[in-house]
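Order of the sequence lines sets the chain letters (A, B, ...), proteins ahead of strands, with each chain counted from 1. Basis for what follows: all heavy atoms, side chains included, without hydrogens, waters or symmetry-related copies.
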2 protein chains.
Amino acid sequence: MSTIKDIAKYTGLSVATISKYLNGGNVLPENRKLLEKAVKKLDYRMNHIARGLKTRKSLTVGVLIPRLNNIFYSTLISHIEIALSAAGYSTIICAYQDDPDTELARLDFLLGKGVDGLLFIPLGSSSKCFNLLTASNVPVVMVDRTFEGIECDAVLSDNFGAAYNTAGYLSQNGHRRIGVILGPEGVYTADERHQGYTQAVRDFNLDPEPELIQRGNYGIDSGRSCMEKFLSMKNRPSAVFVTNYEMTIGAIIALEYGNIKIPDEVSIIGFDNLELAQTIKPPLTIVTQRLNKIAVEAVKLLLDRLRGNSGDNVTVKKFSTELIVRDSVKRI
Amino acid sequence: MSTIKDIAKYTGLSVATISKYLNGGNVLPENRKLLEKAVKKLDYRMNHIARGLKTRKSLTVGVLIPRLNNIFYSTLISHIEIALSAAGYSTIICAYQDDPDTELARLDFLLGKGVDGLLFIPLGSSSKCFNLLTASNVPVVMVDRTFEGIECDAVLSDNFGAAYNTAGYLSQNGHRRIGVILGPEGVYTADERHQGYTQAVRDFNLDPEPELIQRGNYGIDSGRSCMEKFLSMKNRPSAVFVTNYEMTIGAIIALEYGNIKIPDEVSIIGFDNLELAQTIKPPLTIVTQRLNKIAVEAVKLLLDRLRGNSGDNVTVKKFSTELIVRDSVKRI
DNA sequence: ATGAAAGCGCTAACAG
DNA sequence: CTGTTAGCGCTTTCAT
């Protein structure tokens with residue numbers, strides 16, 4: 001592997017000139033030619049490590065997420081990676097497996113790696129990252145979830161609205177007993193959706209029974225057991241909505257298993273995954289989030305910070321969700 | 001951010017001693033204490049960029065894959081990331097969106113980034129990466145797919161066996177006209193599965209009609225249109241097997257849409273995704289790959305290379321697939 | 001066990 | 001436009 005010095009030797013020019021050339025500066029046409037030839041001939045490739053040491057930039061962004069084996073996150077990351085690489089950044093991915101200690105450790109790891117910026121889907125209120133985050137100076141954009149009380153850019157879905165409108169839609173269709181399967185307490189999105197739901201219960205005069213709110217852990221099994229709880233109630237909900245993809249799968253498995261007809265016996269609204277929705281019989285009514293927009297906006301905000309054109313105040317964007325109506329809700 | 005020099009100033013020791021200490025070398029107990037205190041007090045954190053420049057190691061592994069918004073890859077990456085981070089490596093992910101030029105560009109990018117090693121799921125025979133790959137000296141482990149003629153470690157599924165055995169299973173159940181929906185020609189796994197299928201056609205005396213082999217592009221739509229082609233044949237296959245998750249979804253959508261009963265009218269075997277399989281009615285018989293084992297083995301092989309205990313000859317491991325029998329195949 | 005010094009490959013004043 | 005030079009933060013002989 002040849003270095004800038006080898007090029008200098010080969011061309012007779014100084015390393016400074018070569019550095020300038022490599023960074024798009026002006027050099028004499030003849031020297032440009034010479035350099036192009038030398039670069040090709042010596043198969044020169046920039047050592048980004050060395051450059052990074054000098055410039056204090058790694059052109060690397062850390063992406064810290066709960067898990068990777070989850071279609072919601074992996075789709076989001078896919079869009080993020082495309083947007084970042086288009087801007088010349090590489091993406092270091094760390095998953096913390098839903099664990100607060102791992103979350104902190106991975107954050108520390110990324111910071112230590114010298115990432116220029118961070119895209120972060122934090123655990124939620126049980127997160128231990130607040131201090132480390134505020135102490136470090138790397139720009140952070142929260143994605144999908146955020147912390148209460150932290151001062152940084154965030155790009156979120158309108159989770160409150162998603163839950164509120166979904167319950168509203170069910171109410172319009174005559175449902176009064178509406179079950180909801182939420183994520184764990186303390187997870188930002190789950191809490192917001194919870195509030196949207198309870199507000200809808202008030203506004204639309206829905207049945208306020210506490211057992212209509214079940215909490216899963218976003219896994220398939222938990223979706224299944226939550227739905228089974230609903231089915232075992234003396235007075236079942238007439239409709240259930242589930243707030244992520246995996247739990248939606250679990251809920252449907254429970255219904256299949258119990259031989260419950262959708263939507264005749266129970267109406268159901270799923271979350272996040274259009275593809276799944278179409279394979280189910282009947283096709284599922286679902287709430288989808290604008291993952292592409294969220295990813296692109298988050299990357300944009302981060303790049304603005306990295307390039308220093310952001311000003312002092314933070315930006316928080318919320319994207320509305322979309323209700324895609326199919327056949328899994330019965331009008332009663 | 002404090003550096004090793006600040007520590008030197010603070011403790012009165014030399015940078016050499018401090019470097020030694022930081023790397024686990026022996027120092028006098030009293031100095032050790034002093035150093036621990038200094039590190040804490042000055043909030044010292046190693047600059048990995050600087051270290052990397054000197055040691056020529058980045059403790060970073062590149063992972064180059066076709067796409068990220070695909071449950072097969074994202075699950076694989078999830079396992080890979082866990083294994084790599086346990087070994088102290090960070091994972092730079094690049095997706096090439098199934099495009100040969102992007103594949104080459106991203107490979108070049110990763111090599112330029114100074115990754116210590118590479119985990120690579122290449123496009124296949126239309127890949128343009130051969131030269132760059134052999135020219136570079138970074139250790140590479142192929143995952144899931146490999147190149148013909150390249151000399152490097154690889155961890156694969158037994159794709160030939162998967163297709164052969166699946167066709168065999170269908171044949172045992174009395175099927176003679178067996179349709180298969182494969183990936184594109186030139187993709188390693190698709191080619192191997194193709195061979196497995198045609199060998200089974202010979203060995204089990206199946207209907208050898210060429211139209212029974214359809215080629216999709218691994219997308220949902222292509223799965224759907226391939227299945228529609230089967231359905232529109234005057235003489236339909238009695239069973240179809242589909243060779244990835246997304247195309248399986250598409251095939252099922254086609255069946256739902258055409259109101260075709262599974263397995264009474266068409267038997268079907270899917271691929272890769274156990275979760276999906278359970279939400280379908282009836283539950284789907286599927287072929288699954290041992291993603292966790294593949295990921296762990298690939299990381300192990302790469303780490304062995306990075307640590308220099310590998311010897312000269314390459315290792316190619318093949319993991320068998322597993323047929324999970326449910327109710328989507330009819331005995332005829 | 002510790003320290004002095006050289007240098008990894010590159011950039012950025014500064015001078016010419 | 002080009003060259004000289006001084007480092008970025010760390011590791012690594014080689015002395016001591």
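Within the nucleic acid shown, A:I49 has no heavy atom closer than 4.0 Å to any nucleic acid atom. If you check every strand for non-hydrogen atoms under 4.0 Å, A:Y21 touches nothing. Residue-level contact check: A:G12 touches the backbone only, with heavy atoms under 4.0 Å from sugar-phosphate atoms and none from bases.
The side chain of A:K5 has C:dC8 as its nearest neighbour among D:dT11, C:dC8, C:dA1. For A:I4, whose side chain is taken as the heavy atoms from C-beta onward, the closest listed nucleotide among C:dT11, D:dT11, C:dG3 is C:dT11. The nucleotide whose nearest atom lies closest to any side-chain atom of B:A50 is, among D:dC10, C:dT11, C:dA4, D:dC10. Comparing D:dT12, D:dT4, D:dC1 by their nearest atom to the side chain of A:A16 picks out D:dT4. Distance from the side chain of B:K54 is smallest for C:dA6 among the nucleotides C:dG3, C:dT11, C:dA6.
For B:M46 and D:dT11, the CE to C1' distance is 10 Å, given to the nearest whole Å. Residue A:L13 contributes atom CG, which lies 13 Å from atom P of D:dC1 at whole-angstrom precision. Following rounding to the nearest Å, B:I18 (CD1) and D:dC10 (C1') show an atom-to-atom distance of 11 Å. The distance from atom CG of A:N26 to atom C1' of D:dG3 is 17 Å, rounded to the nearest whole Å. One interatomic measurement links the two molecules: CZ of B:R56 to C1' of C:dC10, which rounds to 12 Å at whole-angstrom precision. Straight-line distance from the CD1 atom of A:I7 to the P atom of D:dG3: 14 Å, rounded to whole Å. Between A:K57 atom NZ and C:dA12 atom P the separation is 11 Å, expressed in whole Å. If you measure from atom NZ of B:K20 to atom P of C:dA4, you get 15 Å, rounded to the nearest angstrom.
DNA chain C is contacted by both A:L53 and A:T17; A:L53 maps to the nucleotide lying nearer its 5′ end (nearest heavy atom per residue). Each of B:Y44 and A:E30 was matched to the nucleotide of DNA chain D holding its nearest heavy atom; the match closer to the 5' end belongs to A:E30.
At least one side-chain nitrogen or oxygen of A:R51 sits closer than 4.0 Å to the OP1 or OP2 atom of C:dT11. Contact annotation: A:S19 does not reach the phosphate of C:dC10 (side-chain N/O to OP1 or OP2, under 4.0 Å). Between A:N47 and C:dC10 there is no side-chain polar atom (N or O) within less than 4.0 angstrom of OP1 or OP2. Between A:T3 and C:dG9, a side-chain N or O to OP1/OP2 separation shorter than 4.0 Å is absent.
Under a 3.5 Å cut-off, the side chain of A:T315 and the backbone N or O of A:D153 do not form any donor-acceptor pair. When atom types are taken as modelled, the side chain of B:T134 and the backbone of B:F130 share a donor-acceptor pair closer than 3.5 angstrom.
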How far apart are the C-alpha atoms of A:S14 and A:T17, what are their side-chain angles, what is the distance that settles it, and do they pass the side chain to side chain donor-acceptor pair (under 3.5 Å) test? CA-CA 5 Å; A:S14 78; A:T17 305; 3.2 Å; yes
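Side-chain N/O atoms of B:S310 and B:D304 include no donor and acceptor closer than 3.5 Å.
Screening A:L64, A:I80, A:I77 for a side-chain contact (heavy atoms from CB on, under 4.5 Å) involving A:I93 leaves a single residue, A:I77.
Residues satisfying the side-chain contact (heavy atoms from CB on, under 4.5 Å) test with A:A105, not counting sequence neighbours, are none.
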